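To start, the structure itself, in structure tokens.
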There are 2 protein chains.
Amino acid sequence: MAARLLIVEDDPALAELLVWHFEAEGYDVTQTADGEEALLLAAEQAPDAIILDWMIENISGIEVCRRLRRAPETANVPIIMLTARGEEEDRIRGLETGADDYVTKPFSPRELIVRLAAILRRTRPALAGKTLKIEDLELDPVAHRVRRSGEEVPLGPTEFRLLQHFMERPGRVLSRAQLVTGVWGQDSDIEERTVDVQVKRLRAAINTPGGKDMIRTVRSAGYSLG
Amino acid sequence: MAARLLIVEDDPALAELLVWHFEAEGYDVTQTADGEEALLLAAEQAPDAIILDWMIENISGIEVCRRLRRAPETANVPIIMLTARGEEEDRIRGLETGADDYVTKPFSPRELIVRLAAILRRTRPALAGKTLKIEDLELDPVAHRVRRSGEEVPLGPTEFRLLQHFMERPGRVLSRAQLVTGVWGQDSDIEERTVDVQVKRLRAAINTPGGKDMIRTVRSAGYSLG
DNA sequence: GAGAAATATGACGCTTAGATAACAGAATTG
DNA sequence: CAATTCTGTTATCTAAGCGTCATATTTCTC
């Protein structure tokens, strides 16, 4: 399954060029010129990365960026900003709002492709969009579906995000603080104990009655999967 | 066990940006805008690395850097300096005073993250997630797991921290006082005899019944591993 | 080899981290 | 808009883990 990419660019010529190149690279590309629409699409499609022009219609790119960061569903999606040359000021402000990288116009598509690849390699070791598997547990991010030995497991939205977070980092111990920011979003006043409760719920959902626990508790450190 | 990072930056927007990104990377971040406070925090928390802006309130970054180097507790902590573009002069003086690397504004967060990771990989492999190995003993800091000839060894939190401390300094004799500050923290009212007890517990956990002791007691000096 | 100093060991409470259940408010859904 | 699912918080319970101390053992010195 290809990585999904959302391109927010209102110059039709540049947009077309980018779409063409990224599709040629095998990405599954959606494109819009409109900021509001971008937010909707991002929430709906959960893309793996977003390319965002600084100057777009309706809302400024910077505002789109900030709002993306605020929503838990999109808080962790990598964003690359496109800025015009010499807008030093903008560049800095763009980074301040939470973009992961920026590229200055004019740029070669190759450069953008390389940067995106670098970021994805780092942030999504197991690229979302592909089905994640650990032992007999499978999570399909596109279909929003989880199976345990082929049988569908019903999960609530938070449980799903928590499990996806774990499955993207198999074996890794994640502290409660890391889970709070990673699953609930950057600035949430969630009580750390709440993580315990969600982990318990997730355990109850994915563990087979007799079998061993898939989530390991690491005392004074956190939890890990697998 | 997340790496502790101290960020000294007085531009609130940039500071927030950096905190956001590094927390997302899993670092345990403290931030201050004030040079004097930075020195106090550094002494108190013993961070694993410091990001230091050249221009900050109260004392110049360069002076903070110099003083950090002078104090024995912080003399070896890696420091990355942030400098404005083109201040070649500053850059050189920064390195002269003991910074390990510098990054010129404006920079992408990605770049800073990569540089820090590179430095940590060099100075503290375990913090970069590298598995520590001594003979047939392996400690995986990411998974928070210890194996002896492939077989998992269950350890309590303190035992784990103690072992990691030893494994990061193989062969070196560590005094009880050093172990107390290194493993229990700068200010702990721990009795020095307690170290003996934890060492005993660690020995019991990692030594194979018939085999020889992996931890050597150095009378009137301390302990060493390997 | 005796005495002293340092370390090893075993036992004992206490603290605290995590599991769990119950509950109420929020969000969804039909 | 009512019903139901979902979610965050809190209180309680349990047990692992830890620090301390008293005692045993080892090592060093003379």
Side-chain angles (χ1 to χ4, degrees), chain A residues 43-44 71-73 144 146 152-166 173-207 209 212-225, chain B residues 1-2 144 146 152-166 173-185 187-207 209 212-225:
Chain A
E44 197 174 286
E73 305 85 11
H144 235 261
V146 174
E152 175 147 14
V153 175
L155 289 182
T158 307
E159 283 153 34
F160 184 86
R161 266 181 294 134
L162 181 61
L163 179 60
Q164 182 169 353
H165 199 81
F166 273 124
V173 173
L174 301 165
S175 70
R176 283 165 235 279
Q178 287 175 319
L179 289 169
V180 167
T181 58
V183 176
W184 277 263
Q186 189 54 29
D187 32 42
S188 60
D189 328 345
I190 293 305
E191 207 65 41
E192 283 204 352
R193 296 271 119 244
T194 300
V195 177
D196 298 30
V197 178
Q198 284 299 344
V199 167
K200 163 159 169 47
R201 286 169 181 157
L202 182 56
R203 273 173 167 154
I206 65 173
N207 284 329
K212 69 166 198 288
D213 199 341
M214 291 210 63
I215 299 176
R216 182 170 60 114
T217 301
V218 181
R219 192 166 240 259
S220 84
Y223 299 94
S224 82
L225 177 75
Chain B
M1 201 174 308
H144 235 265
V146 173
E152 174 146 15
V153 175
L155 289 182
T158 308
E159 284 153 34
F160 186 88
R161 268 179 294 133
L162 181 61
L163 179 60
Q164 179 169 342
H165 199 82
F166 273 123
V173 176
L174 301 165
S175 71
R176 292 180 175 70
Q178 286 175 318
L179 289 169
V180 167
T181 58
V183 176
W184 278 263
D187 33 42
S188 61
D189 333 343
I190 293 306
E191 206 65 40
E192 281 205 354
R193 296 275 117 240
T194 300
V195 176
D196 298 30
V197 178
Q198 284 299 342
V199 167
K200 160 158 170 46
R201 285 170 181 157
L202 182 55
R203 275 172 166 154
I206 65 173
N207 284 329
K212 67 166 200 286
D213 198 342
M214 291 209 63
I215 299 176
R216 183 168 57 108
T217 302
V218 182
R219 201 182 163 83
S220 79
Y223 299 94
S224 84
L225 177 75

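Everything quoted here is computed from the prediction, not taken from an experiment. Naming: A, B, ... by sequence-line order, numbering from 1 per chain. No hydrogens, no waters, no symmetry mates; every other heavy atom, side chains included, goes into these values.
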Short side-chain N/O contact from B:W184 to OP1 or OP2 of D:dG19, under 4.0 Å: yes
Whole-Å distance separating the CZ atom of B:R193 from the P atom of C:dA6: 9 Å
Gap between atoms NZ and P, on B:K200 and D:dC18 respectively (whole Å): 15 Å
Pairwise side-chain contact, B:L179 with B:E192, heavy-atom cut-off 4.5 Å (strictly under): no
Protein-nucleotide distance (B:E191, atom CD; C:dA6, atom P), rounded to Å: 15 Å
Any A:L163 side-chain heavy atom under 4.5 Å of A:E159 side chain: no
C:dA6 OP1/OP2 closer than 4.0 Å to side-chain N/O of B:Y223: no
Touch class at under 4.0 angstrom, heavy-atom based, for A:T217 against every strand present: sugar-phosphate
Partner of B:D196 by side-chain hydrogen bond (donor to acceptor under 3.5 Å, both in side chains), out of B:K200, B:Q198, B:R193: B:R193
Distance in angstrom units between B:D196 CG and C:dA8 C1', rounded: 8 Å
Side-chain heavy-atom pair A:T217, A:R203 within 4.5 angstrom cut-off: yes
Value in whole Å for how far the P atom of C:dG18 lies from CG of A:L174: 14 Å
Sugar-phosphate only, base, or nothing, as touched by A:V199 at under 4.0 Å among non-hydrogen atoms: nothing
Position toward the 5' end of DNA chain C (nearest nucleotide), A:R201 or B:S220: B:S220
Touch class at under 4.0 angstrom, heavy-atom based, for A:F160 against every strand present: nothing
d(CD1, A:I190; P, D:dC6) in whole Å: 17 Å
Nearest-neighbour nucleotide for the B:Q198 side chain, C:dA17, D:dC18, C:dG10 considered: D:dC18
Sugar-phosphate, base or nothing in reach of A:V218, heavy atoms under 4.0 Å: sugar-phosphate
Under-4.0 Å side-chain N/O to phosphate OP1/OP2 contact, B:R176 with C:dT7: yes
Rounded interatomic separation in angstrom, taking CZ from B:R203 and P from C:dT7: 11 Å
Sugar-phosphate only, base, or nothing, as touched by B:D189 at under 4.0 Å among non-hydrogen atoms: sugar-phosphate
Spacing of A:R219 atom CZ relative to C:dA17 atom P, expressed in whole Å: 8 Å
Side-chain heavy atoms of A:L225 within contact of A:L174, under 4.5 Å: no
